[in-house]
Amino acid sequence: DAGITQSPRHKVTETGTPVTLRCHQTENHRYMYWYRQDPGHGLRLIHYSYGVKDTDKGEVSDGYSVSRSKTEDFLLTLESATSSQTSVYFCASLKGARDGELFFGEGSRLTVL
Amino acid sequence: GENVEQHPSTLSVQEGDSAVIKCTYSDSASNYFPWYKQELGKRPQLIIDIRSNVGEKKDQRIAVTLNKTAKHFSLHITETQPEDSAVYFCAASPTGGGADGLTFGKGTHLIIQP
């Protein structure tokens, strides 16, 4: 596996609190992604980044923001967590535009009470 | 945007038999179609992919076929083994390697019966 790690791996929080998930990769991959995985929905793209400070929205971006200040780090922030954001979040990276293979992190399980 | 439908949601086969999972996509501009395998509690991992200029691709016991006219592609696993038990996701992308993000199907839970 590419060196891609997520933190925290598990988090329980309350509705209305801010939450930040961190993704760190050591492969110098240009592209990074945040997906959420829910039963019956597969993997859905939240936001992605195509370079430092360059980000764009995915299909389920409402309620989420991202930042990428360094190549190796991609942060996902829930400004005010809601129960509908309870999910498993996966970060992924891609070396280059035509390289194809996404390398996923281990996942972060977030529970919003 | 792209929409990917995947069937069946659950597939149970006897060990040694073949398994076929099918996906359809909506965006005729899509040209990259990967398949990911996710074991219980693990991260998804790429097992095979195909680009639109190819109709079929094989890698040992797994193969993928693509029909661009009908906008569907399929994963074929032959001589299934217990370690093939997992959730399989198909995906599609209109950019060459999925740089703008992949649209995934909802997954197929493959169960290999001993």
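Being a predicted model, the structure only gives us computed values, none of them experimental. Below, read A as the first sequence line, B as the second, and so on, with proteins coming before strands; counting in each chain starts at 1.
A distance of 6.0 Å separates OH in B/Y36 from CD in A/E101, rounded to the nearest 0.5 Å.
In B/E79, the CD atom is not crowded: 12 or fewer heavy atoms of neighbouring residues, nucleotides or ligands sit closer than 6.0 Å.
Criterion: ILVMFWY side-chain heavy atoms under 4.5 Å apart, direct or through other members. Under it, A/Y64 and A/Y33 are not part of a common hydrophobic cluster. A/F104 and A/W34 end up in different hydrophobic clusters when Ile, Leu, Val, Met, Phe, Trp and Tyr side chains are linked at under 4.5 Å. No path of Ile, Leu, Val, Met, Phe, Trp and Tyr side chains, each step under 4.5 Å between heavy atoms, connects A/V66 with A/L45, placing them in separate hydrophobic clusters. With hydrophobic clusters built from ILVMFWY side chains whose heavy atoms lie under 4.5 angstrom apart, B/V54 shares a cluster with B/W35. Residue A/V88 is not grouped with residue A/L75 when hydrophobic side chains (ILVMFWY) are merged at heavy-atom distances under 4.5 angstrom, including chains of intermediate members.
Across every non-hydrogen atom of A/F90 and B/P44, the tightest pair is CE2-CD, 3.9 Å. Between B/A99 and A/L94, the shortest heavy-atom distance links the atoms CA-CD2, 3.7 Å.
When side chains are defined from C-beta on, A/Y35 counts as touching B/L102, because their heavy atoms get closer than 4.5 Å.
Chain A forms more heavy-atom pairs under 4.5 Å with one residue of B/K42, B/K106, B/Q38 than with any other, namely B/K106. For the set A/D38, A/D56, A/L102, the entry with the most heavy-atom pairs within less than 4.5 Å of chain B is A/L102. When each of B/D49, B/D100, B/L46, B/V87 is scored by its heavy-atom pairs under 4.5 Å with chain A, the top score falls to B/D100.
With a 4.5 angstrom heavy-atom cutoff, A/Y31 touches chain B only via side-chain atoms.
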